[in-house]
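One-based numbering, in listed order, for ligands and for the atoms of each.
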Amino acid sequence: MDLPILSFTQYDLVFNVLSFTVACMFASAAFFIAARNSIGERYRLAVTIAALAVGIAGYHYVMIFYNWVASYDLSGMVYVPNGHRFNDAYRYVDWVLTVPLLMVELVAVLGLSKSESRSLLTRLIIAAALMTGLGYPGEISSDNMVRFIFGVLGTLPFLYIVYVLWFEMSGALERQSERIRVLYRNIRLLTLAAWGFYPMAYMAPLFLTSSASGEVILQVGYSMADILAKCGYGIIIFSIARLKTEADRTASRPRPKGPQVPTPGSVRPGVAR
Ligand SMILES: *C/C=C(C)/C=C/C=C(C)/C=C/C1=C(C)CCCC1(C)C
């Protein structure tokens, strides 16, 4: 899409939102790396991947921010595009890399069997690749009809992902404790709400007569959705991993009341106590 002329406020809003998003991504990466050690080995991978996803996104937001600044010149009281190409591919490359990572986080934290995990992940990752790949030609087109058609095509794999998250994973959840099921319900709602933002922001330029507000809504919408879908999502993943770690520790700890009689098998020969 060609960049429109923007008012001071419109340009500044996008500038500040992009800057805020860079901060959120890197702060989340630092948090997940620091908090990793409090997580049991079984669920640590999920938190490591959460850190990786926000780290990758943080890098891409630095590039988007730089691109935004380079693409406009202040002329009188308005910002005018100076012919530098604003590269939408940073977002799409970011999605191609981070959306599969988000799915891996979820499957890793649930601790499903290998075959269950593999089947779910294969389908989710293929659908995510199709969704992003189909959205891109529409995103870079300045023809609204092309944008609309690819938007609709990209929505089909999107609906499939929602279906898998919503219905297919319910079976796996029956084996989880009540507190974890609540968190899982939250993450499912967050995913639906945040992911629903993307197609809406994508379609916004079709419904607005002003291309300036279309561009602003697009940039702000994608950035807000990314903060929810990566940082917020990662925090819920972290909470699930911590609850599961605690549950595992409680299960393997000797009962606190009564004399501590070693149970058969708890005393390993040759280990000094
Ligand atoms: C961290 C990045 C995430 C979670 C990106 C998610 C992106 C989407 C859910 C994009 C969806 C789109 C459609 C459903 C239709 C076609 C246009 C897209 C690619 C914006």
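Of the protein's non-hydrogen atoms, the one nearest atom 13 (C) of ligand 1 is Pro199 CB, 4.0 Å. Distance from atom 17 (C) of ligand 1 to its nearest protein heavy atom, with residue and atom name: Tyr202 CD1, 3.5 Å. When hydrogens are left out, the protein atom nearest atom 7 (C) of ligand 1 is Tyr198 CG, 3.5 Å; that is the closest non-hydrogen contact.
Nearest to atom 15 (C) of ligand 1 by heavy atom, out of Gly151, Gly135, Pro157, is Gly151. Scanning Met200, Lys230, Met203 for the heavy atom closest to atom 1 (C) of ligand 1 points to Lys230.
Minimum heavy-atom separation, Glu139 to Tyr222: OE1-OH, 2.7 Å. Closest approach of Thr245 and Gly40 over heavy atoms only: OG1-N, 3.0 Å. Closest approach of Ala57 to Lys230, counting heavy atoms only: CB-CD, 3.7 Å.
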Return all side-chain donor-acceptor pairs below 3.5 angstrom for residues 192-208, not counting sequence neighbours, or 'none' if the list is empty.
from: Tyr198; atom 1: OH; to: Ala225; atom 2: O; distance (Å): 3.4
from: Tyr198; atom 1: OH; to: Asp226; atom 2: N; distance (Å): 3.3
from: Tyr198; atom 1: OH; to: Asp226; atom 2: OD1; distance (Å): 2.4
from: Tyr202; atom 1: OH; to: Arg147; atom 2: O; distance (Å): 2.9
from: Tyr202; atom 1: OH; to: Gly151; atom 2: N; distance (Å): 3.4

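At a heavy-atom cutoff of 4.0 Å, ligand 1 is contacted by the side chain of Phe158 but not by its backbone. For Leu102, every heavy-atom contact with ligand 1 shorter than 4.0 Å involves the side chain, none the backbone. Contact annotation: for Asp94 versus ligand 1, there are no heavy atoms closer than 4.0 Å. By the criterion of a heavy-atom distance under 4.0 Å, both the backbone and the side chain of Met131 are placed next to ligand 1. Looking at Val99 against ligand 1, only its side chain comes within 4.0 Å, counting heavy atoms.
The distance from ligand 1 to the heavy atoms of Trp195 drops below 4.0 Å at these ligand atoms: 4 (C), 9 (C). The contact set between ligand 1 and Gly154, taken as ligand atoms under 4.0 Å from a residue heavy atom, comprises 14 (C), 15 (C). Close contacts of ligand 1 with Asp226, meaning ligand atoms under 4.0 Å from a residue heavy atom, involve 1 (C), 2 (C). Proximity to Thr98 (heavy-atom distance under 4.0 Å) selects the following atoms of ligand 1: 1 (C).
Rounded to the nearest 0.5 Å, atoms CG (Asp143) and CD1 (Ile149) are 8.0 Å apart.
Ring geometry for Phe86 versus Trp68: interplanar angle over 60°, hence perpendicular rather than tilted (30 to 60°).
The side-chain hydrogen bond (donor to acceptor under 3.5 Å, both in side chains) analysis of residues 44-58, with sequence neighbours excluded, yields the pairs Arg36-Thr48.
Side-chain contact between Tyr160 and Arg123: present, with at least one pair of heavy atoms (C-beta onward) separated by less than 4.5 Å.
Between the side chain of Ser71 and the main chain of Asn67, a donor-acceptor pair closer than 3.5 Å is present.
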